[in-house]
Amino acid sequence: MKSLFDNTTLSNMKLKNRFFRSATWEAMADSKGHMTEKLRNLYLELARGGVGTIITGYAFVTEDEQPNPKMMGIYDDSFIEENKVFTDKLHELDTNIILQIAYGGSQTNFNVGERTILGPSSVEHSIYGVTPQEATKEDIKNLINSFADASLRAKMSGFDGVQLHAAHGYIYSQFLNPHYNKRTDEYGGNIENRARIIFETLEAVREKVGTNFPILIKINCSDFIDDGFSFEECKYVCKRLEELGIDAIEISGVVGAKTEDVRLRERNLRYLKKESYFRKYAAEIAEELNIPVILVGGNRSLDLMTNILENTKIEYFSLSRPFLREPHLINRWILEEDSVAKCISCGKCLDAEGNSCIFNRKKSDK
Ligand SMILES: Cc1cc2nc3c(=O)[nH]c(=O)nc-3n(C[C@H](O)[C@H](O)[C@H](O)COP(=O)(O)O)c2cc1C
């Protein structure tokens, strides 16, 4: 019988348990995207806490574009040597670390007006009010190359793999979404066209990093808006990604949209107590694939995750906010079998001083 604490292998990566720390922007890098001691210590502490695989917060792949302050960067070779020192230390703690790479687009309020912001089409962001410049084919080519170069740097830095961020309304998620993608060329229209930039990115990344380096993707099971990326389309894209050689798919959901645009209540589920809220979607996708599916969103209790592991083809569980509250959550779970994370899913983790759990901040900061 499968257990959450199984040793498994994903591509050439060995995992000591089935838990991932899902990508979590920590707001702790310096203004150029280099890791600070605070950020390195946070990851080392997570590694000491027992999680098998850490996915970093999203790292920007071109120097002039980041959707949020104090993100990690990986846009030039200056990151390689310092990151290698860090990943070596982390590996001594028997933990994997995967770099999530991203390009933001119009879902931002950071330095707007001071930089070029690209999008699939010039459609105003429904929450941020930012209207991007429509990416030319040259821009698309450059973007794909930036992801490929960033992935090679990640490999040279000792990361165990990369994860392409194609979820949550950032640019790749916007390409998938017909509300934001109005293009009439081969990057717009039917789902094969809207996903083309992602397929070409995967191929370009693979070309650079070779076969023995895991490439993961985080994607929405649905945008949950009427004119968004649908579940049926997601299943199609996942199957194509498998054919093209992706190593694992993390299933998330929802794009930034005005509340009245949101078709289902999933957006609000992030803030409610409901657990593992994308599990039905992820289970159906896993059923159709032969590569591992990672479930993210509201994973809080060993009981439910064990049940999902036993009764579906979902292989891995990814958690974000619970690790902000309890970096040593997995060690605690190893000792206490029937256990629930202390995270209350309040969503108040954002903090200019570095994202953190309100319960762990000094009283005066709350
Ligand atoms: C502070 C914070 C930062 C986040 N940053 C990222 C990120 O960089 N990339 C990403 O894909 N998701 C990011 N997320 C989303 C999480 O990875 C995760 O999908 C979401 O929080 C649901 O999981 P949870 O219920 O375990 O928190 C972030 C979430 C939080 C709370």
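Each ligand, and each atom within it, is numbered from 1 in the order the structure gives.
Across all non-hydrogen atoms, the minimal contact from A167 to N220 is CB-OD1, 3.4 Å. The shortest heavy-atom contact between R183 and F175 is CD-CE2, 3.9 Å.
In this structure, E186 does not pair ionically with R196, as no charged nitrogen and carboxylate oxygen lie closer than 4.0 Å. At a threshold of 4.0 Å, the pair E200-K141 does not count as salt-bridged, since none of the basic side-chain nitrogens sits closer than that to a carboxylate oxygen.
In the displayed structure, E310 atom CD is contacted under 6.0 Å by more than 12 heavy atoms of other residues, nucleotides or ligands.
By the 3.5 Å distance cut-off applied to N or O atoms, G298 is counted among the residues near ligand 1. For ligand 1, the polar-atom distance check finds an N/O of K218 within less than 3.5 Å of one of the ligand's N/O atoms. Ligand 1 has an N or O atom lying under 3.5 Å from an N or O atom of S22, backbone or side chain. Taking only nitrogen or oxygen atoms, main chain and side chain alike, Q100 reaches within less than 3.5 Å of ligand 1. Geometrically, ligand 1 and G57 share no nitrogen or oxygen pair separated by less than 3.5 Å.
Partner F224 forms a ring pair (Phe, Tyr, Trp, His ring centres under 6.0 Å) with one of Y277, F231, F229, Y281 and no other, that one being Y281.
Residue pairs that meet the side chain to side chain donor-acceptor pair (under 3.5 Å) test with at least one member in residues 207-216, sequence neighbours left out, are D149-K208.
If you look at L350 next to ligand 1, the close heavy atoms, those under 4.0 Å, all belong to the side chain. Using a 4.0 Å cut-off between heavy atoms, E26 makes no contact with ligand 1 at all. If you look at V296 next to ligand 1, the close heavy atoms, those under 4.0 Å, all belong to the side chain. Contacts of Y277 with ligand 1, taken as heavy-atom pairs under 4.0 Å, involve the side chain alone. Within the 4.0 Å heavy-atom criterion, the part of P322 lying near ligand 1 is the side chain and not the backbone. Only the side chain of R300 comes within contact range of ligand 1, with a heavy atom under 4.0 Å; no backbone atom does.
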Would you mind writing out the side-chain donor-acceptor pairs for residues 23-30 within the sub-3.5 Å range, not counting sequence neighbours?
{"unit_1": "T24", "atom_1": "OG1", "unit_2": "S22", "atom_2": "O", "d": "2.7"}
{"unit_1": "T24", "atom_1": "OG1", "unit_2": "S320", "atom_2": "OG", "d": "2.9"}
{"unit_1": "W25", "atom_1": "NE1", "unit_2": "P69", "atom_2": "O", "d": "2.9"}
{"unit_1": "E26", "atom_1": "OE1", "unit_2": "Y43", "atom_2": "OH", "d": "3.2"}
{"unit_1": "E26", "atom_1": "OE2", "unit_2": "R21", "atom_2": "NH1", "d": "3.3"}
{"unit_1": "E26", "atom_1": "OE2", "unit_2": "R21", "atom_2": "NH2", "d": "2.8"}
{"unit_1": "E26", "atom_1": "OE2", "unit_2": "Y43", "atom_2": "OH", "d": "2.7"}
{"unit_1": "D30", "atom_1": "OD1", "unit_2": "K32", "atom_2": "N", "d": "2.9"}
{"unit_1": "D30", "atom_1": "OD1", "unit_2": "G33", "atom_2": "N", "d": "3.0"}
{"unit_1": "D30", "atom_1": "OD1", "unit_2": "H34", "atom_2": "N", "d": "2.9"}

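Within the structure, the closest approach of N299 to ligand 1 does not fall below 4.0 Å when heavy atoms are considered.
A continuous path of Ile, Leu, Val, Met, Phe, Trp and Tyr side chains, each step under 4.5 Å between heavy atoms, connects Y58 with V162, placing both in one hydrophobic cluster.
Using a 4.0 Å cut-off to heavy atoms of L319, the atoms of ligand 1 that qualify are 26 (O). Using a 4.0 Å cut-off to heavy atoms of G297, the atoms of ligand 1 that qualify are 22 (C), 23 (O), 25 (O).
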